[in-house]
Amino acid sequence: MHHFHYRGEDLYCEEVPISALAEEVGTPFYLYSHATLTRHFRVFNEAFQEIPHLICFAAKANANLAILNLFSTMGGGADVVSGGELFRALRAGIAPDRIVFAGVGKSREEMVEALKADILMFNVESSQELRLLNQVAGEMGMVARVALRVNPDVDPKTHPYISTGLKQSKFGIDISLALEEYQLAQSLPHIAIVGIHEHIGSQITDVTPFVDSLSRIAELIGELRTLGIEIRYLDMGGGLGIPYDDETPPHPTEMAKAINPILKPLGCTIIFEPGRVIVGNAGILVTKVLYTKRTPEKDFVIVDAGMNDLVRPSLYESYHAIQPVRRLDGRGRLTVDVVGPICESGDFLAKNREITMVEPGELLAVMSAGAYGFTMASNYNARPKAAEVLVKEDRHFIIRARESYEDLIRGEDIPDNL
Ligand code: LLP
């Protein structure tokens, strides 16, 4: 459910016509609906009301300060994977005791920053990392709270690039080695074990992989407890999918129904790290048609947003619906590639897509772009990053200004005596 809808011919975000926003901020721009963001957060939160839990929104999906702040006001925290994301989360006003820090490659400096901030816990992914964290915490006269990220070896049946819980994956500690690693953690003086973490993949459209992996984790928690290792937090990561096209992922309440029976008896506080399911369908990318081009082979619609703005189609061949911002009657349909201005053949937003014919100057909405859209944007081809706009009812806020050319060269220097 989202709040992008047609009124007559015009596509609106809540009460605001999108064409008016394009007029004001120019194109391309990301557009988020406040009502959709809050609804998705609330629905997820309420789905798990029966069990003690904390939602640590995965900042990698969308790290805009206004959006992180919004979730924080709703009682959420953040799952961060870098010093930069930690900085953003803190700047957005997220309480440190609602921040968890994951990632296979945390640097010493990042550990120091997170210890200083006194975050809830580190999700540790290897024994070397555990030892370094122990050392860094020791140097600071502190004790680091940790969960070990366990790789449960479950196939989430999603795109291979976003599967993370398989044996051959770089993530986490193999479940067969977990007891040993926990014992190591227990022996380290500046480490306090508080939890266990898993994250098996993203855009998961079936509850089975969650059920399977959590069953394995529950068993492991039992074994840890017999060794006297108490697990207070079970962080089950994110991964719940959304409908981009014709997928039918489980609703959060369905997921809750399937996993609550495993979670409840554990008596842990459950941490969720949803990203996509909260923001994915709450955002779109608005772009303008620059040209239409017919070659002997193909028809192209060339737009002013490219793979630097939204890389998902190029990187994962992922599907994003494309809708006209003004839906005019009597237009024909045409199968086209919707492509950007970047000098790469892989620069496309849609391939062989049947769309309603469009003219230069008209606007298109690339749907379901709220997750891993702006956060994966780059400056390739020296393209300033797009603006981000948030609509709440009939008001709109520019939550990130479009980058300028000056922004592009910030920090660069031409040495005098080269
Ligand atoms: N927690 C951890 C430790 C993660 O690695 C991720 C995502 C999440 C939570 C959030 O997962 P979500 O609920 O959004 O599925 N760029 C890719 C997705 C990469 C996901 C990486 N990890 C894409 O555009 O599809």
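Just so you know, ligand 1 is whichever comes first in the structure, and atom 1 is the first atom listed for that ligand.
On a distance-only criterion, Arg312 and ligand 1 share at least one N/O pair closer than 3.5 Å. Residue-to-ligand polar distances keep Gly237 apart from ligand 1: every N/O pair is separated by 3.5 Å or more.
Within the structure, ligand 1 lacks Ala371 among the residues with a heavy atom less than 4.0 angstrom away. In this structure, Asp79 has a heavy atom closer than 4.0 Å to ligand 1.
Taking every non-hydrogen atom of Gly275 and a distance limit under 4.0 Å, the qualifying atoms of ligand 1 come out as 12 (P), 13 (O), 14 (O).
Put simply, the residue from Tyr372, Tyr32, Phe71 that forms a side-chain contact (heavy atoms from CB on, under 4.5 Å) with Val279 is Phe71.
With a heavy-atom cut-off of 4.0 Å, Tyr316 touches ligand 1 through its side chain alone. Residue contacts with ligand 1 for Ala61 are absent, since no atom lies close enough (heavy atoms, distance under 4.0 Å).
In terms of the side-chain hydrogen bond (donor to acceptor under 3.5 Å, both in side chains) criterion, Ser82 has no residue partners (sequence neighbours excluded). Partners of Asn45 under the side-chain contact (heavy atoms from CB on, under 4.5 Å) rule, at least two apart in sequence or in another chain, are Phe41, His53, Ile55.
The environment of Lys116 atom NZ is sparse: at most 12 non-hydrogen atoms of other residues, nucleotides or ligands sit within 6.0 angstrom. Shown here is Glu247, whose CD atom has more than 12 heavy atoms of other residues, nucleotides or ligands within 6.0 Å.
Distances from atom 21 (C) of ligand 1 to the heavy atoms of Met376, Lys60, Gln203, Glu198 put Lys60 nearest. Nearest to atom 1 (N) of ligand 1 by heavy-atom distance, out of Arg149, Arg276, Glu125, Glu273, is Glu273.
Taking the six-membered ring for Trp and thresholds of 30 and 60 degrees, His5 and Tyr12 have nearly parallel ring planes, at less than 30 degrees apart.
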